[in-house]
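The first residue of the sequence shown is numbered 1, and numbering continues consecutively from there.
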Amino acid sequence: MAASCDLLDVDPPELQFPFELDKQISCPLKMTNKTDRTVAFKVKTTSPKKYCVRPNNGVVLPRSTCEVVVTMQAQTVAPPDLQCKDKFLVQSVVVGDGLSAKDVTPQMFLKEEGNLVEEVRMKVAYVMPHESQSEIAEESDGPQRILVPMQRTMDNGGSASELSSGSLSLRSAELGTEVGSPTGPVGKTEELLMPTGRAAETRTYAGPGARSLDLRALIAKLTEEKDSALEQNKKLQYELEQVKREASKQGGFSLLFVLVAGLLSIILGYLVKK
């Protein structure tokens, strides 16, 4: 429902901006002259540095419509709870026929000079931005654009060879190469239909029987490695004992040789003295 006075209908009655940071946002404002006279208008705001109005003044011919575009400058900080206290004011006054927009002056809207000025006040509201319906439809129709041509081909008696020969191909800009190629839409269709995360793990779960067989094979392998390690340990211990025995034998022979040599030296010295 449009905000209205005796001269103009202003639509919408509240300026709504889909708020996004660092982005200019525009909102159209339509003014309809309800009279048979030429009406001049002027748009004011409580935050002139924040908004740009084009045109901010002009004339509306009898029984006609004029459109104004209000642009909010890019904002770097979002207000709390997206609340806005800004307001707009549309002033209108009857002027002489044949008056153009360049002839509109600020003095025309001064009530002190006896001008019959009417006013429409509007609030500003920030709303959450919404995705374009066309983008949503394009995303939701993506799998159907792949499956429907394939289904029609199979219904008409087409074979997999016909698919791989390129009888059904999609534009590479949409989904890559032809349907029959390994990296084409068939593979992408499977990826689209394949669940992710824990769902994928659940679907690839082999069951308790397969996991039991894998566990037994692992236990058998570990047992075999353990036995091999024990056998190697025993072999090393045996070789170490052999080395110790050889070393003890060599040590005993050397001591006996020293004793015999010492005894012979004593006997030889005694004989020399004699």
Side-chain heavy atoms of [X] within contact of [Y], under 4.5 Å:
X	Y	result
V104	F41	no
F109	S92	no
E118	Q91	no
K123	E14	yes
Q73	C52	yes

Gap between atom [atom2] of [Y] and atom [atom1] of [X] - 0.5 Å precision:
X	Y	atom1	atom2	answer
Q242	Q237	CD	CD	13.0 Å
D11	L29	CG	CG	8.0 Å
T65	M31	OG1	CE	10.0 Å
L110	E112	CG	CD	5.5 Å
L61	R37	CG	CZ	13.0 Å
K85	S47	NZ	OG	11.5 Å

### Message
Please check if the number of heavy atoms outside L116 that lie under 6.0 Å from its CG is greater than 12.
### Response
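Not buried by this count: 12 neighbours or fewer within 6.0 Å.
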### Query
Hey, are E119 and R121 close enough for a salt bridge, meaning a charged N less than 4.0 Å from a carboxylate O?
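Counted as a salt bridge, because a side-chain N and a carboxylate O are separated by less than 4.0 Å.
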Compare every heavy atom of [Y] with every heavy atom of [X], then report the nearest pair and how far apart it is.
X	Y	result
D86	T46	CA-OG1, 3.6 Å
T35	D6	CG2-O, 3.7 Å
E20	I25	N-CD1, 3.5 Å
S26	T71	OG-OG1, 3.0 Å
A3	V120	CB-CG1, 3.4 Å
P12	P28	CD-O, 3.5 Å

Short question: side chain of [X], backbone of [Y] - any donor-acceptor pair under 3.5 Å?
X	Y	result
N115	M108	yes
T45	K87	yes
Q83	D81	yes
K34	C5	yes

### Message
With side chain to side chain donor-acceptor pair (under 3.5 Å) as the criterion, how do N33 and S64 come out once you've worked through the C-alpha distance, each side chain's angles and the decisive distance to 0.1 Å?
### Response
CA-CA 6 Å; N33 187 352; S64 63; 5.5 Å; no
#### Entry: With sequence neighbours excluded, residues passing ring pair (Phe, Tyr, Trp, His ring centres under 6.0 Å) with F17
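For F17, the residues satisfying ring pair (Phe, Tyr, Trp, His ring centres under 6.0 Å) (neighbours in sequence not counted) are Y51.
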### Task
For D36 and R63, run salt bridge (Lys or Arg N to Asp or Glu O under 4.0 Å): C-alpha distance rounded to whole Å, both residues' side-chain angles, the deciding distance at 0.1 Å, then the answer.
CA-CA 6 Å; D36 295 326; R63 304 295 177 181; 2.9 Å; yes
### Residue list, side chain to side chain contact (heavy atoms under 4.5 Å, CB included) with I219, at least two apart or on another chain
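Per chain and number, I219 pairs via side chain to side chain contact (heavy atoms under 4.5 Å, CB included) with L215, T223.
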